[in-house]
2 protein chains.
Amino acid sequence: MAQAKYFELSDARREGFFNISEAAEASGVSAKMIRHYEETGLVPKAGRTVAGYRIYRDADVHVLRFIRRSRDLGFTMKEIGGLLGLWQDKRRASADVKKLAAKHMADLDARIAELQGMRRTLEHLVHCCHGDGRPDCPILDDLAGAGRA
Amino acid sequence: MAQAKYFELSDARREGFFNISEAAEASGVSAKMIRHYEETGLVPKAGRTVAGYRIYRDADVHVLRFIRRSRDLGFTMKEIGGLLGLWQDKRRASADVKKLAAKHMADLDARIAELQGMRRTLEHLVHCCHGDGRPDCPILDDLAGAGRA
DNA sequence: GTCCACCTTCCCACCGTGGGAAGGTCAAGC
DNA sequence: GCTTGACCTTCCCACGGTGGGAAGGTGGAC
C-alpha cells in the first residue's frame with residue numbers, strides 16, 4: 001500500500017504519512033477494519049516504520065474512503081474488490097462498473113422486497129392483536145399454526 | 001424436549017416419535033439447525049434412543065415449526081426465545097407479544113429505509129453512467145470522492 | 001525516567017447457516 | 001449371518017463484517 005520502507009515514525013510524519021489511527025479518522029474506516037482489509041488482501045500491505053507501525057499516505061486513505069463509501073452503499077467485500085480493481089484500471093469499460101452496480105441494485109431490491117413481505121405480514125398480525133392483558137393472541141396463533149391450521 | 005428415555009429406535013417409532021431428519025422434514029428446519037437450537041438452549045434437549053439418536057414428538061415438531069415461521073418473519077433468535085416463552089406461558093398478556101412484534105416491525109422499517117436509501121443513491125449513479133466502453137464513470141467518481149470533492 | 005496513549009499480534013464473540021470429516025447404527029437384501 | 005448404503009452422532013471450519021480485549025512493545029511529552 002504505502003510502499004515505504006522502514007522510516008522512524010517521526011520521519012514518516014514529516015514525509016506526510018499517517019499512522020493507522022489517523023488514517024482511520026481520515027477515512028472513516030476503523031483501525032481494526034483497516035488491519036482486517038489488509039489481512040484479507042482487499043488492500044495491499046501497508047508500509048511500516050522500523051518499529052513495525054503501519055504508515056499510510058493520502059492515496060491509501062483515499063482507497064480506504066472508497067471502501068467506506070462502497071460499504072455505505074451496501075456492496076459486499078467481494079464486490080468492493082471488483083470495484084477497486086476497476087477503479088484502478090484506467091482502461092476499464094464503464095459498462096463493467098455499471099453492470100456491477102446494477103447487479104447490486106437488483107440484490108437490494110430483492111432484499112427490500114423480502115423485508116417488506118415480512119413487514120406486511122407482521123403489520124397484519126399486530127393489527128389483529130388486541131394487545132391487552134388477556135392471553136389470547138393472533139400473533140402467536142399465526143406463528144404456531146400458519147400454513148396448516 | 002421429548003422427555004423420553006432410552007428407546008430402541010424401532011420402539012420409538014411405534015410410539016410416534018420422529019428421528020431428526022423426519023422432524024426436519026416436517027418442520028422445515030434443517031437437522032443441522034435443530035441441533036444448533038438445542039445446543040444454544042432455544043429448545044430443550046431432545047430425548048434419545050439407547051443408541052443416542054435424537055427423537056421428537058409432534059409437539060416438538062410444532063415448536064420447531066413455530067421457530068421456522070418466526071425466522072421467516074425476520075425475528076432474531078433472541079426474539080424467538082421471547083416469543084416461545086410467551087407462547088408457552090398460558091398466562092401471558094397479549095400486549096407483551098404485540099410489543100415484541102411492534103418493536104420488530106420498527107426494526108424492519110429502519111432496515112428497509114436504510115436499504116432504500118442505498119438503492120436511491122445507487123439508482124442515481126447507475127442512471128448517470130453511460131455504461132459503454134469508455135473508462136470514465138460517475139459511479140467510481142462518486143465512490144472515490146463523495147463528501148469532499 | 002516515568003507515564004500514558006498508541007501500536008502490534010492474537011484470540012474470541014456475535015448471528016445464522018452450511019460443509020465436511022470421522023466414527024457408530026439401522027434396516028434391507030442376500 | 002454379513003455387506004451395503006443411508007442415516008445418525010460429534011467435532012471443527014467457513015462465510016460477512018465488526019467489535020472487544022489481553023499481552024507486550026513504542027512514541028513523545030514532561
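Treat the numbers as computed from the prediction; the structure is a model and nothing was measured.
Counting heavy-atom neighbours within 6.0 Å of B:His124 NE2, excluding the residue itself, gives a total of 12 or less.
A search for side chain to side chain donor-acceptor pair (under 3.5 Å) contacts involving A:Gln88 returns nothing, not counting sequence neighbours. The ring-ring contact (aromatic ring centres under 6.0 Å, His included) search around B:Tyr37 returns none, not counting sequence neighbours. For B:Ser30, the side chain to side chain donor-acceptor pair (under 3.5 Å) criterion is met by no residue, not counting sequence neighbours. Taking B:Lys103 as the reference, B:Asp107 meet the side chain to side chain donor-acceptor pair (under 3.5 Å) condition, with sequence neighbours excluded. Qualifying side chain to side chain donor-acceptor pair (under 3.5 Å) partners for B:Glu123, counting only residues two or more places apart in sequence or in other chains: B:Arg119.
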Q. In B/S/- notation, 5' to 3', how is nucleotides 4-16 of chain D contacted by protein heavy atoms closer than 4.0 Å?
A. ---BSBB------
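The distance from atom CD of B:Glu39 to atom C1' of C:dA13 is 15 Å, rounded to the nearest whole Å. Taking atom CE on B:Met33 and atom C1' on C:dG16, their separation rounds to 5 Å, with Å as the unit. Atom P of nucleotide C:dG16 and atom CG of B:Asp72 are separated by 13 Å, given to the nearest angstrom. Going from atom CD of B:Glu114 over to atom C1' of D:dG17 covers 13 Å, rounded to whole Å. Between the C1' atom of C:dG16 and the CD1 atom of B:Ile34 lies a distance of 15 Å, rounded to the nearest Å. The separation between B:Arg68 atom CZ and C:dG16 atom P is 14 Å, rounded to whole Å. Straight-line distance from the CD1 atom of B:Ile67 to the P atom of C:dT17: 11 Å, rounded to whole Å. Spacing between atom CD of B:Glu38 and atom P of C:dT17 amounts to 17 Å, rounded to whole angstrom units.
Between D:dT26 and A:Thr49, no contact under 4.0 Å exists linking OP1 or OP2 to a side-chain N or O.
Residue pairs meeting the salt bridge (charged side-chain N to carboxylate O under 4.0 Å, His left out) criterion with at least one partner in residues 77-92 of chain B, sequence neighbours excluded, do not occur; the list is empty. Residue pairs meeting the salt bridge (charged side-chain N to carboxylate O under 4.0 Å, His left out) criterion with at least one member in residues 20-36 of chain B, sequence neighbours excluded: B:Arg13-B:Glu22.
Side chain of B:His104 to main chain of A:Leu122: no donor-acceptor pair is present (N/O by atom type, distance under 3.5 Å, no hydrogens or angles).
When the local axes at the two ends of the helix from C:dG1-D:dC30 to C:dC30-D:dG1 are compared, using 5 base pairs at each end, they differ in direction by 30° after rounding to 10°.
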